[in-house]
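Okay, so here's the structure we're looking at.
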Amino acid sequence: DKTIEAYLYHVTGFTRYFAKAPDVLGEEEVRKYLLYIRDEKKTSLSNVKQAYSALRFFYVETINRK
């Protein structure tokens, strides 16, 4: 349950950051978002890794994109 909650938090944050649906965003936006949460939000490395995992899961498992 906690993993689902965390993944939803990160995918929601990602979509809010770009104000677009995640299925129209791609690799470059993921990179920019991860840099944003690391550098501007000053989040921990473990949180950046969790965001990466959440976005990877969304793209690979949910919408079947690489």
Side-chain angles (χ1 to χ4, degrees):
D1 289 342
K2 293 287 185 185
T3 302
I4 293 169
E5 206 174 286
Y7 278 23
L8 284 172
Y9 171 82
H10 288 296
V11 173
T12 300
F14 176 64
T15 59
R16 286 184 180 159
Y17 180 73
F18 288 102
K20 294 181 181 177
D23 61 331
V24 300
L25 300 170
E27 188 176 334
E28 185 60 30
E29 289 85 6
V30 169
R31 195 173 293 115
K32 287 179 182 178
Y33 179 71
L34 294 175
L35 289 172
Y36 161 73
I37 64 171
R38 183 192 74 184
D39 298 338
E40 293 183 39
K41 289 188 79 176
K42 307 287 188 203
T43 191
S44 67
L45 180 58
S46 64
N47 201 20
V48 173
K49 288 179 180 181
Q50 187 178 59
Y52 171 81
S53 295
L55 294 169
R56 183 175 184 278
F57 182 87
F58 174 78
Y59 281 106
V60 174
E61 302 295 330
T62 306
I63 64 171
N64 201 27
R65 274 182 40 195
K66 294 193 179 217

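All of these numbers come straight from a predicted model, not from anything done at the bench.
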For a 4.5 angstrom cut-off between non-hydrogen side-chain atoms, does I37 reach F14?
no
Quick one: do Y17 and L8 end up in the same hydrophobic cluster if we chain Ile, Leu, Val, Met, Phe, Trp and Tyr together by side-chain heavy atoms under 4.5 Å apart?
no
Separation of Y52 OH from R31 CZ (nearest 0.5 Å):
10.5 Å
Value for CD (E27) from CZ (R65), rounded to nearest 0.5 Å, stands at 10.0 Å
Reported NE2-to-CG distance for the pair H10 and L34, which is rounded to 0.5 angstrom
9.5 Å
Could you tell me the separation between the CG atom of L45 and the CZ atom of R38, rounded to the nearest 0.5 Å?
9.0 Å
Grab the two heavy atoms, one from K20 and one from L25, that are nearest each other, plus how far apart they are.
CD-CD2, 3.9 Å
Shortest non-hydrogen contact from V11 to A54?
CG2-O, 4.0 Å
Where is the tightest heavy-atom contact between Y59 and P22, given as atom of each residue plus distance?
OH-O, 2.5 Å
Are any side-chain N or O atoms of T12 and backbone N or O atoms of Y9, one a donor and one an acceptor, separated by less than 3.5 Å?
no
Is the closest basic N to carboxylate O distance between E29 and K32 below 4.0 Å?
no
For a quick test of reading the model, state the closest non-hydrogen atom pair linking A6 to Q50 and the distance between them.
CB-NE2, 3.5 Å
Applying a strict under-4.5 Å side-chain criterion to I, L, V, M, F, W and Y, I'd like to know whether F18 and I63 cluster together.
yes
With a sphere of 6.0 Å drawn around CG of N64, does it hold more than 12 non-hydrogen atoms of other residues, nucleotides or ligands?
no
Taking the side chain as everything from C-beta on, heavy atoms only, tell me whether T43 gets closer than 4.5 Å to V48.
yes
Do Y33 side-chain atoms and T15 backbone N/O form a donor-acceptor pair below 3.5 Å?
no
